[in-house]
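This is a predicted model, so every value here is computed, not measured.
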There are 2 protein chains.
Amino acid sequence: MITLNDKTYTCPVDVTLGFIGGKWKLLILFHLHYFTKKSYAEIRDNLPGISEKMLSQQLKELERDQLIEKNVITKKPYRVEYYLSTEGKSLAPLYEFASEWGIAYLKKHDIDYIQDQHLYK
Amino acid sequence: MITLNDKTYTCPVDVTLGFIGGKWKLLILFHLHYFTKKSYAEIRDNLPGISEKMLSQQLKELERDQLIEKNVITKKPYRVEYYLSTEGKSLAPLYEFASEWGIAYLKKHDIDYIQDQHLYK
DNA sequence: CAGCATCCTATGCGATACTG
DNA sequence: CAGTATCGCATAGGATGCTG
């Protein structure tokens, strides 16, 4: 058993899951990986279906866990940009592979999807 | 948008998450990866904290999604073994990396954990 | 624009007991 | 031994409106 931040994990895989588990975090990390830097609104618009609550919540947790960082560009109007930290970039193999595996799966099963150039390159 | 089994996904990462998302699937896959073949009871005992309901449910879904397969060894007494399918093995980079990243994180932060030889090698 | 507060629902997940 | 059924809770997640 591993104890970390008052939570217990059963193995290292579990620890990693503690950081990127849930419906949105890996998607957010992947998109920041792809676009390098993104405003709040840009992330939101790139993740169809995410609610503002979930987005701000997940961003805050990712920031707390030091996987992403935030710059305040201008105070008025308030503008920010999010980007991956070194720690967040170290997870690149994970979300890159997840993306590639997904693409391969779709191809293998002849499932069409709208190949958005920005999203999937 | 990608439609697959009556569910919609926003990008390939999301598709992959559809197969391995949740609290247990990646752990199950990783353990089967490590131990090659495992009975129901062995998997259960290697995943401290999992309930029988979750285990059987997740195993069924993984089987349905063709990431694992099951052999019935003997009918009486009923004995089975689970193991990764080719498709399940193709996810190896994902759970292997998740494990390595977790280990690296623990080391980096000087967090002790009981290094069970069987579980973590 | 960024992002929190509130309220609400769905469901993931756990505990326990039971069956072939 | 390998599961399934039932129950119930906790929390993940969604919709909407408000604030600096």
Side-chain angles (χ1 to χ4, degrees), chain A residues 1 5-10 13-14 17-29 31-32 35 37-65 68-83, chain B residues 1 5-10 13-14 17-29 31-32 35 37-65 68-83:
Chain A
M1 279 296 183
N5 298 136
D6 299 328
K7 289 189 177 176
T8 59
Y9 300 94
T10 61
V13 176
D14 205 13
L17 246 31
F19 288 100
I20 52 103
K23 189 175 176 179
W24 296 110
K25 281 181 182 166
L26 207 60
L27 295 176
I28 293 172
L29 291 175
H31 279 268
L32 287 178
F35 296 112
K37 291 184 183 179
K38 277 299 182 185
S39 70
Y40 180 90
E42 284 171 324
I43 301 173
R44 182 193 58 210
D45 296 341
N46 281 321
L47 298 176
I50 196 169
S51 66
E52 303 242 322
K53 178 198 166 187
M54 288 313 294
L55 180 56
S56 68
Q57 186 179 302
Q58 303 297 303
L59 286 172
K60 233 159 73 170
E61 289 179 17
L62 288 169
E63 223 186 321
R64 178 204 61 197
D65 294 336
I68 66 173
E69 290 167 14
K70 173 170 71 169
N71 269 345
V72 177
I73 303 173
T74 62
K75 294 267 187 188
K76 233 175 191 319
Y78 193 53
R79 255 191 87 68
V80 300
E81 60 183 11
Y82 289 94
Y83 55 96
Chain B
M1 278 295 182
N5 298 136
D6 299 328
K7 289 188 178 177
T8 58
Y9 300 93
T10 60
V13 176
D14 204 14
L17 245 30
F19 287 100
I20 52 104
K23 190 174 173 180
W24 296 111
K25 281 180 180 164
L26 207 61
L27 295 176
I28 293 171
L29 292 174
H31 278 269
L32 287 177
F35 296 113
K37 291 183 182 179
K38 277 300 185 185
S39 70
Y40 179 90
E42 284 170 324
I43 300 173
R44 183 193 58 210
D45 297 340
N46 282 321
L47 297 176
I50 195 170
S51 67
E52 303 243 321
K53 177 197 167 189
M54 288 313 294
L55 179 58
S56 69
Q57 185 180 304
Q58 304 297 304
L59 286 172
K60 236 160 70 172
E61 289 180 16
L62 288 168
E63 225 187 319
R64 178 204 63 198
D65 294 336
I68 67 173
E69 290 167 13
K70 174 169 71 169
N71 269 346
V72 176
I73 304 172
T74 63
K75 295 266 186 187
K76 235 176 191 313
Y78 192 52
R79 257 190 86 67
V80 300
E81 60 182 14
Y82 289 95
Y83 55 96

field: Whole-Å gap separating P (C/dC1) and CD1 (A/I73)
entry: 13 Å

field: Rounded distance (Å) that lies between atom P of C/dC1 and atom OH of A/Y78
entry: 14 Å

message: Judged by each residue's nearest nucleotide on DNA chain D, which is more toward the 5′ side, A/W24 or B/K60?
response: B/K60

For chain A, the stretch of DNA chain D it reaches, first to last nucleotide, under 4.0 Å of its heavy atoms: D/dG13 to D/dA15

task: State, to 0.1 Å, how close A/I43 and A/K38 come at their nearest heavy-atom pair, and which atoms those are.
output: CG1-CB, 3.5 Å

query: Do you know which two heavy atoms are closest between B/Y83 and B/E81, and how far apart they sit?
result: CD2-O, 3.9 Å

- prompt: Side-chain contact, heavy-atom cut-off 4.5 Å: B/T10 with B/M1?
  reply: yes

message: Taking any heavy-atom pair under 4.0 Å as a contact, classify B/K70: base, sugar-phosphate, or nothing.
response: sugar-phosphate

query: In whole Å, what is the span from the CD atom of B/Q58 to the C1' atom of C/dT11?
result: 12 Å

- prompt: Roughly how many Å is it from CD in A/Q57 to P in C/dA2, rounded to a whole number?
  reply: 19 Å

message: Tell me whether the count of non-hydrogen atoms from other residues, nucleotides or ligands lying under 6.0 Å of CG in A/N5 goes above 12.
response: no

field: Closest contact, heavy atoms only, B/Y82 versus B/L32
entry: O-CD2, 3.6 Å

query: Looking at side-chain heavy atoms only, is the closest gap between A/W24 and A/L55 below 4.5 Å?
result: no

task: Please name the pair of heavy atoms, one in B/V80 and one in B/Y40, separated by the smallest distance, quoted to 0.1 Å.
output: CG2-N, 4.4 Å

- prompt: OP1 or OP2 of C/dC1 less than 4.0 angstrom from a side-chain nitrogen or oxygen of A/Y82, does that happen here?
  reply: no

message: Heavy atoms within less than 4.0 Å of DNA chain D: which residues of residues 49-56 of chain B have one? Give them sorted by number.
response: B/E52, B/K53, B/S56

message: From CD1 of A/I28 over to P of C/dA2, roughly how many Å is that when rounded to an integer?
response: 14 Å

task: Give the minimum heavy-atom separation between A/L47 and A/L27, together with the two atoms involved.
output: CD2-CB, 3.9 Å

message: Output the rounded distance in Å from NZ (A/K7) to C1' (C/dC13).
response: 14 Å

task: Send over the distance from B/R44 CZ to C/dG14 C1', rounded to a whole Å.
output: 15 Å

- prompt: Looking at OG of A/S39 and NZ of A/K70, how far apart are the two atoms once the value is rounded to the nearest 0.5 Å?
  reply: 12.5 Å

